Amino acid sequence: MDGNAAGEGDDNVDWNTEDELEVENYAASSCSSLTPPSVDAASGSVEASSLAGTSHSKLFCEFVGMGFSEKLVTKAIDEIGEGNPNAILESLLTYKVLENSPQEQDIDESTVVKEEVVDSDHSSSDYEGSFLNDFSDEDSYSESEEVINPSSEENKLSFLTDMGYTVEEASIAIERCGPDASVAELADFICAAQMSKEADALLGPEEKPRLFTKHKKRKHSDCDTWSKKRRGEKKLLRGDEEPIRLPNPMVGFGVPTESSAIVHRTLPEAAIGPPYFYYENVALAPKGVWDTISRFLYDVEPEFVDSKYFCATARKRGYVHNLPINNRFPLLPLPPHTIHEALPMTRKWWPSWDTRTKLNCLQTCIGSAKLTERIRKALEHHDSESEPPLRIQKYVLDECRKWNLVWVGRNKLAPLEPDEVEMLLGFPKNHTRGGGISRTDRYKSLGNSFQVDTVAYHLSVLKDLFPAGLNLLSLFSGIGGAEVALHRLGIPLKNVVSVEISEVNRNIMRSWWEQTNQKGSLIHIGDVQQLNGDRIEQLMNSFGGFDLIVGGSPCNNLAGSNRHSRDGLEGKESSLFYDYFRILDLVKCIMSKGQ
DNA sequence: CGCAATATGATATCAATC
DNA sequence: GATTGATATCATATTGCG
């Protein structure tokens with residue numbers, strides 16, 4: 001790939017590594033404006049974070065043009081920074097494969113490579129061609145290769161078979177997706193193929209959903225109308241986005257206070273458990289994100305719910321799950337449903353022109369003292385007996401809505417206290433307090449958490465199904481919203497495997513676990529990427545599988561309040577969604593094998 | 001160094017309007 | 001149907017302080 005676009009301006013970048021990972025047939029078709037990548041001259045020394053923020057750089061386009069998926073390219077660039085294209089390429093080729101490795105103690109200078117990567121003699125181009133051709137003979141695949149060569153098909157293949165796919169499926173996927181497809185893409189492909197088996201009866205094989213970004217051309221109206229005729233409301237094709245629409249009102253399949261509840265739905269065959277799964281993220285994600293999430297999670301339609309139907313604060317979230325939806329019941333006692341009920345002290349100072357009855361979404365940051373001072377001064381500028389001018393009212397209300405301010409005195413507004421946030425989200429008082437946790441961390445942990453009443457309503461159907469308790473795999477546990485919800489529902493927790501990167505959050509959760517005298521055992525794991533098939537299988541063998549897998553993967557690259565790196569599902573943290581899918585699919589496969 | 005305070009838009013949807 | 005305005009949003013980078 002050295003030579004083409006790179007020749008225009010960045011010859012200073014050494015694209016040839018020792019690894020000699022050549023990518024041929026570079027075609028920058030998907031890039032409208034192809035310009036040379038703007039690589040800093042001091043390539044290696046550039047701090048990753050300084051450049052990683054730019055969303056769709058030229059470098060990005062270049063890699064996409066090579067045939068890598070957008071999500072992987074973004075992830076790689078985010079992890080490495082644009083200053084080191086070699087490392088990005090390496091990362092693209094190694095991504096996901098290396099997760100086979102259970103340990104990651106020494107992270108050496110080549111950021112991506114956690115495991116010894118010896119490869120290199122066979123540059124991929126010659127090798128893969130022959131490999132694919134020879135592949136019809138299964139026996140030719142030898143397990144003797146101990147050295148992981150992430151760019152080789154063998155490892156992709158073995159990784160996929162480790163995930164539980166058949167050799168046939170894996171090899172077809174490699175063939176269809178191309179030699180440079182990552183394991184994530186391959187798994188995606190196989191998954192989609194499995195999911196669309198039923199659809200085959202209706203759709204011709206050539207009209208299956210094309211999940212990757214390598215679409216050569218867009219099949220436009222013909223396909224569109226064709227599949228619409230067949231499928232009615234839902235279109236499978238990507239490219240001409242038919243985004244999932246958010247419901248209005250955002251009540252999902254039903255909430256306790258509204259009568260219009262859907263009590264029946266038909267899950268896709270591939271989605272049916274065991275185990276039950278429950279995935280959560282922000283509803284207002286960038287376009288296409290929920291389509292992707294839904295596609296990965298076995299085509300289950302997301303349930304979008306605003307927590308304002310459960311408590312005094314809004315929280316618009318999407319939930320993808322395969323739980324039953326009839327006979328749900330809410331947590332008791334019902335939490336306060338209005339600001340006045342939740343925060344009675346504010347009523348005394350609440351002006352009549354502030355018509356809010358619900359708070360907006362509780363976030364990870366709070367309004368500053370400077371802001372509330374500015375507002376106070378603005379309000380004091382007029383006659384105190386009368387209402388402020390409409391212009392002032394609007395300014396104040398805008399800021400109140402933006403920062404969730406409440407009235408605590410005459411002309412005096414304030415952000416919520418941490419314990420008020422705890423209460424509003426359904427956590428026990430002081431859940432996040434003490435033990436060396438700073439105030440800032442409390443806001444952050446709480447802002448990233450579930451609204452317990454909302455989640456508990458969805459999980460309540462499990463109470464009858466698991467009267468003796470359940471085994472829970474909790475990914476991205478945070479401060480344990482799912483655990484608290486199940487506990488408050490009276491569903492015993494037998495074994496809980498909790499994966500949470502933040503030590504602060506792990507401490508909060510362990511503290512809660514001890515204070516609530518849990519009978520089961522709590523196993524903490526730090527990093528989802530460490531949770532590989534072997535570890536999962538070992539855990540499952542020790543107590544016989546998981547009944548429920550809960551996870552809300554990071555939203556920070558999806559959330560609107562992120563000014564810096566709203567990169568979508570391919571962002572550095574939010575792409576961990578794919579680990580949720582990976583682990584869920586692993587568990588599914590292990591459990592479907594029937595012990 | 002940890003912590004707190006502060007400033008910093010962009011994206012998406014919906015409703016009204018042209 | 002296109003445009004415009006209103007509204008909402010599980011955040012990050014930087015700076016200053018103790």
Side-chain angles (χ1 to χ4, degrees), chain A residues 47-56 78 241 243-250 279-291 304-308 313-319 355-356 358-374 394-395 397-404 414-416 418 421-422 424-427 432 436-452 454-455 476-479 481-482 500 502-505 551-569 571-574 576-577:
Chain A
E47 198 63 28
S49 57
S50 64
L51 287 171
T54 62
S55 54
H56 279 14
D78 278 349
E241 258 90 273
I244 292 175
R245 292 184 62 83
L246 299 180
N248 188 14
M250 197 181 278
Y279 174 80
E280 178 260 11
N281 216 319
V282 291
L284 283 76
K287 271 185 180 172
V289 165
W290 276 107
D291 303 80
F304 293 101
V305 183
D306 189 335
S307 292
K308 74 180 181 183
T313 182
R315 208 167 184 78
K316 298 180 181 65
R317 296 293 180 269
Y319 306 90
T355 55
R356 291 177 296 159
K358 305 272 185 184
L359 291 163
N360 276 341
C361 184
L362 304 175
Q363 303 192 223
T364 57
C365 300
I366 60 167
S368 65
K370 282 266 176 68
L371 173 68
T372 54
E373 188 188 2
R374 280 197 297 269
K394 173 163 170 42
Y395 161 70
L397 274 180
D398 283 347
E399 298 297 328
C400 283
R401 291 196 175 99
K402 186 189 294 182
W403 294 105
N404 267 326
L416 296 170
V421 179
E422 279 172 354
L424 287 163
L425 291 177
F427 287 93
T432 60
I437 295 152
S438 75
R439 194 179 164 87
T440 307
D441 282 341
R442 290 183 74 185
Y443 281 119
K444 187 174 171 187
S445 294
L446 287 162
N448 285 315
S449 170
F450 289 165
Q451 206 288 321
V452 171
T454 310
V455 171
F476 316 105
S477 304
I479 57 175
E500 170 56 40
S502 156
E503 188 184 351
V504 166
N505 287 345
S553 63
C555 72
N556 47 2
N557 305 123
L558 310 178
S561 46
N562 187 340
R563 276 107 157 122
H564 293 273
S565 53
R566 195 184 188 187
D567 303 331
L569 200 54
K572 186 177 179 181
E573 284 83 22
S574 292
L576 290 173
F577 158 74

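A note on names: the letters A, B, ... follow the listed sequences, proteins ahead of strands, and every chain is numbered from 1. Values in this document were obtained by computation on a predicted structure and should not be read as measured data.
In this structure, A:Glu573 has no salt bridge (Lys or Arg N to Asp or Glu O under 4.0 Å) partners at least two apart in sequence or on a different chain. Evaluation of the side-chain hydrogen bond (donor to acceptor under 3.5 Å, both in side chains) rule for A:Tyr319 yields no partner, not counting sequence neighbours. Evaluation of the ring-ring contact (aromatic ring centres under 6.0 Å, His included) rule for A:Phe304 yields A:Trp290 as partners, not counting sequence neighbours. For the side chain to side chain contact (heavy atoms under 4.5 Å, CB included) test, residues two or more places apart in sequence or in another chain that qualify with A:Gln451 are A:Ser307, A:Phe310, A:Cys311, A:Arg315, A:Leu425, A:Asp453, A:Thr454. Considering only residues two or more places apart in sequence or on other chains, A:Lys444 meets the salt bridge (Lys or Arg N to Asp or Glu O under 4.0 Å) condition with none of them. With sequence neighbours excluded, the residues forming a salt bridge (Lys or Arg N to Asp or Glu O under 4.0 Å) with A:Glu280 are A:Arg317, listed by chain and number. Here A:Phe427 pairs with A:His431 under the ring-ring contact (aromatic ring centres under 6.0 Å, His included) rule; sequence neighbours left out. In this structure, A:Arg563 has no salt bridge (Lys or Arg N to Asp or Glu O under 4.0 Å) partners at least two apart in sequence or on a different chain.
With both ends at atom C1', the span from B:dG9 to C:dA8 equals 13 Å, rounded to whole Å.
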With 3.5 Å as the limit, what N/O pairs link the protein to nucleotides 1-3 of chain B?
none

Show me the protein contacts with nucleotides 2-8 of chain C, counting only N or O atoms at under 3.5 Å.
| unit_1 | atom_1 | unit_2 | atom_2 | d |
| --- | --- | --- | --- | --- |
| C:dT7 | OP2 | A:Lys394 | NZ | 3.1 |

What are the atom names and distances for every N/O pair under 3.5 Å that joins the protein to nucleotides 14-16 of chain C?
none

5'-to-3' dot-bracket of DNA chain C (Watson-Crick, G-U; under 3.5 angstrom; crossing pairs as [ ]; | other strand): |||||||||.||||||||
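When the C1' atom of C:dT9 is taken as reference, atom CG of A:Leu246 falls 12 Å away, rounded to whole Å.
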